[in-house]
Each structure stands twice: as C-alpha cells, then as structure tokens.
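Here is the structure we will look at.
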Amino acid sequence: MKKGDSAKILKSCDVVAEHSYHLPPLGHMAMEVRTAHAEISSDGGVFITSSSQSPYSIRKQISEAFLIPSGQIEVFVPFVGGAFGGKAPVMLEILAFLASRSVGGKPVRLTISREQDIATPPCHIGLEADIKIGATKDGKIQAAELIYRVDCGAYTDIAPYMAKAVATDCTGPYHIENLTCDVVCVYTNHTYATSFRSFAHDSYTFCIERTLDMLSEKCEIDQLEFRLRNIIRHGSQTPSRVAYTKSGMGDLSKCLNSVKSLSGWCGLNPTNIKKDTVRAKGVACIWKTENPPTDAISGALITFNPDGSLNLHTGVVEIGSNGATMLAQMLAEKLKIDADQVHIVSEVNTRTAPEHWKTVASLSEYMAGHAVMRAADDIVNQLRNIGAMALNRPNDEIEISHGRVFSNKNPERFITLKDLAQGYKSLSGESIGEPVLGRGGFMLKGLCLLNPETGEGKTGPQWTLGAQVVEVEADLKTLTYRIINASTVIDVGNAINPESIRAQIAGGMAMGISLSSREGFFYNENGVLSHPNFRSYKVMHIGQEPNYKVAFAETPDCTSPYGVRSFSEHGVIGMPAALGNALSLAFGKQLDTLPLTPENIWRTPTEDF
Amino acid sequence: MTQYDGKVVISLNVNGEVFEVAVRPADILLDVLREQLGLTAAKPGCLNGDCGACTIVVDGLPAKSCLMLAVEAEGHAIETVEGLGGVAAAQRAFVDGNAFQCGYCTSGFLMVCHSLKAQYPTVPEEYIIEEWLQSNICRCTSYNEIRKAVYMMYE
C-alpha cells in the first residue's frame, strides 16, 4: 500500500510512536473436532460428508485434483459444531477420499482427536509487526509506515489472502494521507495458518491500536478523543483508496460516542481502587471489509408446501452464526408472512442447494440475502400472475400479504397462499397457473484485485465499523488482573434481529478476550506444540468472563438487503487491542505481545518508549 | 468389584428404559450411548474430561460419559438430553435465553443445568452456579447468555 510520502512527512511530525509487536498463532478450538466421511459408488460417484464451511470448495478441489467431473461429486454438510474459519479449508476430505478409493470405494470416516485437531489442521496466523505512526502535537495523524509479517506456517492455505486483507485495512478506520504498508507472508516451521474469525483483523488491530495509545499519551490527549479526531470520514479514503461514504462504511463517530457512555469512559489515567490495585479502561476502533473472490456467487431456491409454508434452500452452512434464520426473516418480511412459515433447509447438499461461495467472511446476509430477495421477487411475480388470472383482475392490482393474495381494490375477496401456490383450481374445476417455484442468483459486482504498485482497489462489498472498550482491575504487585466490563458498539446497518446480533457480537468479544488473555501456540525446543489439549490450552470458562455490553449504531447500507451489514466476526477484532491498552495503562508498560498473561506482562520492561 | 472378561452383555438404564448391550470392558459409556443406542445428544469434544460436551446425568449428578466405562454404568440411572423430551425447564430456558449458537456444547450444559435444578430446587448462590458450570466449555457464546438461562430456568 502506498499513498503520499510517508517517509518525508514522518520526519516533520511533532510526535512519532514506533513499536514492534509479536503475536503467536492460536487454535480455533471449535467444540466439534474436524471430521470427514467419504465413499465412492461403483459407477464412480463420490459422496462426501463433512463438518465444513465450504462444501462447494470440497467439490471443486476434489474435482480438480482427481480429474472427476464436479457433477459426479456430492458433498453433504449437516449441522457444524462451531467453525470460526477453521472449517473453511479442505483437508480431511481429501484424505478420506483417498482412503476410500484405496479400499474400493468403501465408506471411510476420518475423525481426528482433539490433540490432532489443535496441532495439525490450519490455525490462526501469528503476526510480527513494525509500526511507526506520526502526528501533530494536537493529535492529527499525518503518516504511517507499517510492516506486517504474517506467520503462514509450513504450507500455504489462504494466508496470502489474509496478508492481502491485512493490507486492505492496514491502518484501522482512520484518516491517514501518507502511508506505506508492506505485508509479507512468511513460511515457518509452525502449524499452517488459515482464516480465523475476523480474517487477521484482530492481529493488526492490536498493533495499530497499541501504537495509537502511545501517540495519544505523547500528545497528552484522552485516548478516545484522540481516535475521534482521526477517524475515517467524508473526504477520507481507505488504504486501498476507496472513498468514505456513510452508506458504505457506517458512522464511527456515533459508535465512539456511544461506547463512551456505554463503558463509562473516564479518560487518560487509571483509577486507584485500593493499595496496589487500579482500574483502567482501554479503547480500540475496528473495521473490516471482505476479501472474497471478485466473482463469488450465491443462490436461493424456494418451494411451497401444500399448507402454504415455504422451504428455503441455500448453500449457507449453519455454523452457529444464525445466518439461515436471518435469511428466513428476510423472506418472510418480503412476502409479508410470519417467519415461522419459512422452513429453513439447514443441511447443505451440493447437489440440491444452489452454490454459495463459502459460509465465511460474515457475508451470508449480504450475498445469500440478495439471492433470497431475488427469489422472493420471483415468487411474488408468479403469485401475482396466477392471482390476477384467478381473481380476474389486472396484474398491477394484485397484492400479497399475510398469506393472502387479493386485489387492492377489493381486499375482502382473497385467495390464500396455500390455494394458489401449487397452481389454482377454480370452483368450477378449471386449472389456473402452475406451481410456484422461486429462484434467485447473485454474483458479487464491482470488486477488483489490488493494484500491485499502489494497492488501489475495492476488495469487498461493504465495511463494518465499530468501537470497543475493555475495563480491567489490575493488581500491581502480582501483575494479575480481572476483566470487569467489555463494551462494544458496532454500526450493523439495520439490526434486523437485535438479540441474535447482540449475542453474536458478545460471543466474538468473549473469544477475543479469551485468545488475548490466555491463548497461544508455543513450541518446545523440538518444535513440538507444547499444549495440544483443552487441559493445558485453556480457553475461557464460565465465571472468568466480564460483563458484556453491546449496542448498535444503525446506518443502513443502501446496497444490501434490508440495509444489513456484516457483524458475525467483528466482536472479536478490537478485544485484544482494548485489553492490551487497558493493561498497558494499568501497569505502566507498553505491552506488545500476546497472550497478556501475568508472566508476559512481567517480562515486558517498564521503560519509556 | 465385578471382573469383566472379553465382550459381555450388560443392561443399562437410560432415560428410564432398560437396554441390553454387548460391550468390551474398555468401551466408554459415551461411545455405547452414541453408537449402540443411537443417543447422540452427548457429544465427543475431547475424550479427556476437559470440555464437558459429553456430560450426562448419572443417579442425579452430572458425569462425563467419556470418562466412564460402560460397564461402570450398570446398575445406575442414566439420563441424556433425549430423556428431557424438549420440555425440561433447562431446555426452555436455553431457547428463551439464546444460550447457544452452534449447539455442540449445549447437550452437556443442559444436563449440568438439569441436574443443578434437581439438586437445588431454588436458585443457588452465584458461586455455586459457576462451580457447577465450570466443568463445561462453550466457544461460541459469551457465557452471559448461559448464565441468564440458568436464572430463567428457575422462573
């Protein structure tokens, strides 16, 4: 990424903060371990069952690798027990297929142990970063020079795409005119890396937001106020030179002001509670755009049951993010019926469900949402046509609402959906119309690859922005701490299912706190992962969690169905940064590594930076 | 102590029904429930007693079915989520409290909560709830929802 002249401007800045960061790789730790089942029929048909976020990628990879026509491959995905990006890569499916092929196509199930599930399949990236940001004395950021080195592990899965995603959003949601950013993907002898909830945004955000706290300290400006002065706004561009628009990105100042009151933000300094115990808050801003292929597709099929209820088929895998429910809500809203009249086909079969690129990047509501909207339009048109014939009224008078089809000139005379949806039979026995089948396809538009010289280009359909605060109570003697409150305000567009969105965001926050306070992959002198099980790799348990507060700003995205924005990953993004900022303030150290254990805090020198 | 040798037939009392199953002495109860009786609510998460996804209730108290041999379960009353029938207070509270996302850990948490309610007919103190639920891990929710569901279970 290159914009302006960062080297020259940095020299003339009143204040410059420069720091290096080191973040270890992590495990997804979904409660269900990865598993795949393969069998090959005597006529060469391949049948795969998998706990996967990407059934269509499995079909594609097996087709391409083994030269089998994709139509001969059927991939089935039942409910998936948590994924978080870790079930997007294709791995066990290929091994199960090979194993089945070697025994004449007999069914083979490959389920790995928890220990293998942690150590072997791809994990969260590690990251090393050198960050340098300069500002004027009154706290206006002028320039940044950023180097990120992504720990790709021993093989390439999609770490290079994550490097691209880091570059696209490398500064965080701020107005920075002079920027140089290099992101390098580095092979290491670690477990290989793949997508993890937020697609590397949690990692670079830690580095940026820690450095911004150093800058605000040098400028002697309240950390939250410092951010407010620098957030992306009208007239700003993202690192990849996409101009800010309110619809495209949302309203970050609203989020920051809202999180200020939600968290009881009190500024600059820690508060003494008692001897050797302080309370401190840390703030971080987040943003994320997506990095799908520029031609990613989705689709929806809708059929009717004789009772007038509908079946909604999409390729979206239900991994716990409630995407399918939101799609059902959109369909119900569009047809003006109750959501319980929409039956979701929750299990995905690549032979029957229209292809949906992958259930990743929090894009289900956007991509499959568009497809559902189109399928709903298709249904409405068909119902109108049949209704017009059955009621003998002009097509443009026909309306559909609450399970009834009627002319707006005479709503008293209606036909119920159930009598019309399978084709209509008049009182005299005449057949009118035909069964109604809805179809909607969607392909992303307007995206491009990044310019190799400048980094210019639009990689995803929308941004989601937000602000997060973590409050800790820290024991200055033992370097231990309790996380008391965690607050998040995200501009989610229209919150079409507030409780579900709140729970997703809170779940993301919990994951962010868990991974930044206690998780990490560490290897012994033989290069062996030292704690590959839940007993030694401790994730957060109940009783250790803070109180979570979530609120929304709601700036609709005018390009998305019902104005929704992505939200499923975003809770995680700023938690490590906000926790790091709170603890740095509390202990008077510039914390620059994760996890933020008492031991790592103890190892960090207390010194001026 | 009974000695079992080779494959043996034992009877298991699960959800009030008695089943005869042929097991090896080394078979864990979790596998027998899932693979022989088709009761798949209890889930394997770690097979090490760390995650609680396989939690069932044995004689009224939560137990990890990955740490229990099937032969050890003979003569005890076993309950799984299938026995709750979708109508237990814990199940209703988890739905109303939005206390699950992917659902994989849910069966285990439900059995802990169901047993908690049986042992403590009125709401116990918070630290007791935490002690009971710390045997289980959820990676999706924030735990605030599960905590809330425990209180809703008592409403």
Side-chain angles (χ1 to χ4, degrees), chain A residues 27-33 35 51 79-84 86-87 111 113-115 117-118 197 317-322 486 488 497 499-500 502-515 532-550 568 571, chain B residues 30-31 34-35 40-55 64 66-67 94-109 112-113 116 125-152:
Chain A
H28 297 84
M29 313 303 273
M31 296 309 298
E32 175 204 44
V33 295
T35 181
S51 64
F79 283 118
V80 172
F84 315 115
K87 289 172 181 170
T111 301
S113 68
R114 174 56 63 185
E115 287 72 13
D117 193 66
I118 295 172
R197 193 177 200 166
V317 178
E318 186 49 73
I319 51 178
S321 49
N322 213 13
T488 295
N497 188 336
E499 169 52 22
S500 175
R502 185 207 61 75
Q504 280 298 313
I505 291 173
M509 293 162 74
M511 185 174 248
I513 285 180
S514 182
L515 61 87
N533 55 54
F534 272 126
R535 192 159 302 176
S536 50
Y537 185 107
K538 287 288 189 191
V539 301
M540 194 146 57
H541 287 61
I542 200 164
Q544 300 164 339
E545 83 281 15
N547 181 34
Y548 296 98
K549 304 177 191 176
V550 178
S568 307
Chain B
L30 173 66
D31 288 344
R34 290 176 60 85
E35 287 164 22
T40 55
K43 302 275 190 285
C46 65
L47 301 181
N48 200 36
D50 299 328
C51 79
C54 68
T55 305
K64 288 169 175 170
C66 75
L67 292 184
F94 267 61
V95 172
D96 294 343
N98 200 16
F100 57 90
Q101 289 177 22
C102 86
Y104 200 81
C105 73
T106 311
S107 312
F109 271 104
V112 175
C113 293
L116 176 75
E125 286 190 64
E126 190 148 24
Y127 80 93
I128 293 177
I129 296 174
E130 285 180 7
E131 266 179 15
W132 273 64
L133 270 61
Q134 267 171 357
S135 55
N136 292 43
I137 298 172
C138 171
R139 186 65 158 167
C140 294
T141 72
S142 75
Y143 289 124
N144 278 189
E145 297 80 11
I146 292 178
R147 201 182 273 269
K148 189 172 138 205
V150 173
Y151 288 99
M152 290 172 82

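All values below were derived from every heavy atom in this structure, side-chain atoms included, with hydrogens, water molecules and symmetry-related copies excluded.
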- Is it true that a side-chain atom of B:Gln101 and a backbone atom of A:Ser321 form a donor plus acceptor pair closer than 3.5 Å? no
- Note on the structure: Of all heavy-atom pairs linking B:Gly45 and A:Phe534, the shortest is O-CE1, 4.4 Å
- Query: CG/B:Asp96 to CD/A:Glu499 distance, rounded to the nearest 0.5 angstrom?
  - Reply: 11.0 Å
- Task: Please flag which part of B:Glu145 lies under 4.5 Å from any non-hydrogen atom of chain A: side chain, backbone, both or neither.
- Result: side chain
- Task: Find the distance between OH (B:Tyr143) and OH (A:Tyr548) and round it off to the nearest 0.5 Å.
- Result: 9.0 Å
- Passing option when A:Arg114 is tested against B:Pro44, B:Cys46, B:Cys51 for side chain to side chain contact (heavy atoms under 4.5 Å, CB included): B:Cys46
- Please confirm whether the backbone N or O of A:Ile542 pairs with a side-chain atom of B:Arg147, one donor and one acceptor, at under 3.5 Å? no
- Note on the structure: Between the CG atom in A:Asn497 and the CG atom in B:Asn98, the distance rounded to the nearest 0.5 Å is 8.0 Å
- Task: Heavy-atom distances under 4.5 Å only: say whether A:Asp117 touches chain B with side chain, backbone, both or neither.
- Result: neither
- Counting heavy-atom pairs under 4.5 Å to chain B, which of A:Ala510, A:Gly507, A:Ser514 comes out on top? A:Gly507
- Between CD of B:Glu130 and CD of A:Gln544, what distance do you get to the nearest 0.5 Å? 9.0 Å
- Between B:Cys102 and A:Gly81, which heavy-atom pair has the shortest distance, and what is it? SG-C, 3.4 Å
- Query: In Å and rounded to the nearest 0.5 Å, what is the CD to OG1 distance from A:Glu545 to B:Thr141?
  - Reply: 8.5 Å
- Message: At a heavy-atom distance under 4.5 Å, which candidate from A:Ser500, A:Gly571, A:Gly543, A:Pro546 has the highest pair count against chain B?
- Response: A:Gly543
- Query: Checking side chain to side chain contact (heavy atoms under 4.5 Å, CB included) for the pair B:Ile137/A:Met31: CA distance, chi angles, key distance, verdict?
  - Reply: CA-CA 8 Å; B:Ile137 298 172; A:Met31 296 309 298; 3.9 Å; yes
- Checking heavy atoms, do the side chain of B:Leu47, its backbone, both or neither come under 4.5 Å from chain A? neither
- Item | Top of A:Gln504, A:Glu318, A:Met509 for chain B proximity - count of heavy-atom pairs under 4.5 angstrom | A:Gln504
- In this structure, SG of B:Cys138 is separated from NE2 of A:His541 (nearest 0.5 Å) by 11.0 Å
- Query: So, the side chain of A:Arg535 versus the backbone of B:Asn48: is there a donor-acceptor pair under 3.5 Å, distance only?
  - Reply: yes
